[in-house]
Engineer: 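First, the structure itself, so that you have it in front of you.
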Amino acid sequence: MIRSEFLEYIDTKIGEIPAWVIRPKKKEEKYKTIIFYHGWSSSRDNQVFRANILASYGYQVILPEAQFHGERGNLDYEKKEVVRDYFLRVLMHNIEESVSVYKAAIEKFDAYPENVIVSGHSLGAITAGSIYTFNKKIKAALLFNGNMNWQRLVEEIKKLEDDKDWTLDRRYEFALQMDPMIHIEDMGNRPLFMIHGEEDDVVNPLFDKEFFEEAKESFDNGRIIYETFEKTTHQLTTHMLERGLTLLKEFE
């Protein structure tokens, strides 16, 4: 793990959640803060270099560890039955724990209450999009290769079923109730930026495009963005990160 001499690294726990807090060494009374959620099969440690980049632009970055990832255990992430049985479970657990993470950002790590941004990649972007939708104190969301269209998310997971499983049906029902697509009015015109690899074959970027077309009339010009990067698959490139930072800077 590469560390910068200009940044402070805090290895901490928020309740039972392992987390990194990475921020400029220069002490501030309050920090503008990005809570960044990692993707399926990844970990908080794998996001440290990205956090280094974000922190070098003045942000405090909090990296929570998801259930069954990193220090919290592991799964055979490539197996379709594992994705079927655990993806929504981990997603919902992230959302439940986000209350504690947000509270710790404000009370323990001196985040500006009015300047907390949620971000993430893949599963982490789906997590961040839901947190943005329902926590109206969040300033903005920066989502990489995510999905704000949970009807499509549930449809994709259902394709992994071999036999009907009624326990999964309860999970699907709950997810559909939380679908950001039916809660656009809760977003309150806060900045929402969705950035995708055009050739992503893991999370179809067209799902977010459908959401964008539905939601754009509820946002002022420039406050909701959907963009794709050509010749890019399911990855978060430096160019995508640069674009995301540029969009955030426009609303500081």
Engineer: Got a sec, which pairs hit salt bridge (Lys or Arg N to Asp or Glu O under 4.0 Å) with one end in residues 178-198, sequence neighbours left out?
Structural biologist: Lys136-Asp186
Engineer: Out of curiosity, does Leu248 fall in the hydrophobic cluster containing Tyr112 (side-chain heavy atoms, cut-off under 4.5 Å, transitive links)?
Structural biologist: no
Engineer: Just to verify, what does His183 make a ring pair (Phe, Tyr, Trp, His ring centres under 6.0 Å) with, not counting sequence neighbours?
Structural biologist: Phe134
Engineer: Which atom names give the shortest non-hydrogen contact between Phe68 and Tyr77, and what distance separates them?
Structural biologist: O-OH, 2.5 Å
Engineer: Knowing that exactly one of Ile195, Thr127, Leu192, Ile126 qualifies, which makes a side chain to side chain contact (heavy atoms under 4.5 Å, CB included) with Leu143?
Structural biologist: Leu192
Engineer: Which atom pairs, donor and acceptor, lie under 3.5 Å between side-chain atoms of residues 48-64 and protein residues at least two apart or in another chain?
Structural biologist:
residue, atom, partner, partner atom, Å
Arg50, NH1, Gln47, OE1, 2.8
Asn52, OD1, Tyr9, OH, 2.8
Asn52, ND2, Ile2, O, 3.0
Ser56, OG, Ile53, O, 2.6
Tyr59, OH, Glu252, OE2, 2.9
Gln60, OE1, Arg23, NH1, 2.7
Gln60, NE2, Thr33, OG1, 2.9
Gln60, NE2, Phe109, O, 3.2

Engineer: Only counting residues at least two apart or in another chain, list the ones meeting salt bridge (Lys or Arg N to Asp or Glu O under 4.0 Å) with Glu71.
Structural biologist: Arg44
Engineer: If every non-hydrogen atom of Met178 is compared with every non-hydrogen atom of Ser130, which pair is closest and at what distance?
Structural biologist: CE-OG, 3.7 Å
Engineer: Under a 3.5 Å distance rule, please check whether Asn115 uses its side chain to pair with a backbone N or O of Tyr31 as donor and acceptor.
Structural biologist: no
Engineer: Do you know which two heavy atoms are closest between Ile17 and Glu65, and how far apart they sit?
Structural biologist: CG2-O, 3.6 Å
Engineer: Is a donor on one side and an acceptor on the other found under 3.5 Å between the side chain of Ser119 and the backbone of Leu142?
Structural biologist: yes
Engineer: Is Ser122 reaching over with its side chain to a backbone N or O of Gly124, donor-acceptor style, under 3.5 angstrom?
Structural biologist: no
Engineer: Only counting residues at least two apart or in another chain, list the ones meeting side-chain contact (heavy atoms from CB on, under 4.5 Å) with Asn46.
Structural biologist: Ser42, Ser43
Engineer: Which pairs count as salt bridge (Lys or Arg N to Asp or Glu O under 4.0 Å) when at least one residue sits in residues 142-152, sequence neighbours excluded?
Structural biologist: Arg152-Glu155, Arg152-Glu210
Engineer: Is it the case that one hydrophobic cluster holds both Ile34 and Ile138, taking links as side-chain heavy atoms less than 4.5 Å apart, direct or via other members?
Structural biologist: no
Engineer: Taking a hydrophobic cluster as the set of Ile, Leu, Val, Met, Phe, Trp and Tyr residues connected by side-chain heavy atoms closer than 4.5 Å, whether directly or through intermediates, do Ile182 and Trp150 fall within one such cluster?
Structural biologist: no
Engineer: In sequence, state the C-alpha distance, the side-chain angles, and the governing distance for Arg3 and Ile22, and then conclude on side-chain contact (heavy atoms from CB on, under 4.5 Å).
Structural biologist: CA-CA 10 Å; Arg3 298 194 183 203; Ile22 300 172; over 6 Å; no
Engineer: Assess the side chains of Thr237 and Gln235: does a donor N or O sit below 3.5 Å from an acceptor N or O?
Structural biologist: no
Engineer: Hey, could you give me each pair passing salt bridge (Lys or Arg N to Asp or Glu O under 4.0 Å) that has a residue in residues 98-122? Not counting sequence neighbours.
Structural biologist: Lys27-Asp110
Engineer: Before accepting this row, confirm whether a basic side-chain N of the pair Lys159/Glu156 lies closer than 4.0 Å to the acidic partner's carboxylate O.
Structural biologist: yes
Engineer: When clusters are formed by joining ILVMFWY residues with side-chain heavy atoms under 4.5 Å apart, either directly or through shared neighbours, do Phe229 and Leu236 land in the same one?
Structural biologist: yes
Engineer: Apply side-chain contact (heavy atoms from CB on, under 4.5 Å) to the pair Leu245 and Glu242, showing each step before the final yes or no.
Structural biologist: CA-CA 5 Å; Leu245 276 165; Glu242 178 186 24; 5.8 Å; no
Engineer: Pair up each side-chain donor or acceptor in residues 79-93 with any protein partner under 3.5 Å, not counting sequence neighbours, and list the distances.
Structural biologist:
residue, atom, partner, partner atom, Å
Lys80, NZ, Asp162, OD1, 3.2
His93, ND1, Glu97, OE2, 3.4

Engineer: Can you name the closest pair of heavy atoms from Ser100 and Ile14 and give their distance?
Structural biologist: O-CG2, 3.7 Å
Engineer: For side-chain contact (heavy atoms from CB on, under 4.5 Å), just list the numbers for Leu241 and Phe144, CA-CA rounded to whole Å, side-chain angles, deciding distance to a tenth of an Å, and then say yes or no.
Structural biologist: CA-CA 9 Å; Leu241 201 57; Phe144 298 101; 4.0 Å; yes
Engineer: Over all heavy atoms of both residues, which pair between Ile224 and Ala215 is shortest? Give the atoms and the distance, please.
Structural biologist: CD1-CB, 3.9 Å
Engineer: Quick one: does Pro113's side chain get under 4.5 Å of Lys137's, heavy atoms only?
Structural biologist: no
Engineer: Does Met240 form a side-chain contact (heavy atoms from CB on, under 4.5 Å) with Thr232? I'd like the steps, not just the answer.
Structural biologist: CA-CA 10 Å; Met240 293 166 73; Thr232 304; 3.9 Å; yes
Engineer: Which residues pass the ring pair (Phe, Tyr, Trp, His ring centres under 6.0 Å) test with His38, sequence neighbours left out?
Structural biologist: His69
Engineer: Can you find a pair of side-chain heavy atoms, one from Glu173 and one from Asp169, that are under 4.5 Å apart?
Structural biologist: no
Engineer: Would a single hydrophobic cluster contain both Leu123 and Leu160, if residues Ile, Leu, Val, Met, Phe, Trp and Tyr are joined by side-chain heavy-atom contacts under 4.5 Å?
Structural biologist: yes
Engineer: Name all pairs fulfilling the salt bridge (Lys or Arg N to Asp or Glu O under 4.0 Å) condition that reach into residues 225-234, sequence neighbours left out, sorted by first residue then second.
Structural biologist: Glu227-Arg243
Engineer: With Phe193, which residues qualify under ring pair (Phe, Tyr, Trp, His ring centres under 6.0 Å), at least two apart?
Structural biologist: Phe251
Engineer: Sequence neighbours excluded and cut-off under 3.5 Å, please list the side-chain donor-acceptor pairs for residues 202-209, or say none.
Structural biologist:
residue, atom, partner, partner atom, Å
Asn204, OD1, Leu206, N, 2.9
Asp208, OD1, Met148, N, 2.7
Asp208, OD2, His196, NE2, 2.7

Engineer: Indicate yes or no for a side-chain donor-acceptor contact from Lys32 to the backbone of Val116 under 3.5 Å, with no hydrogens or angles considered.
Structural biologist: no
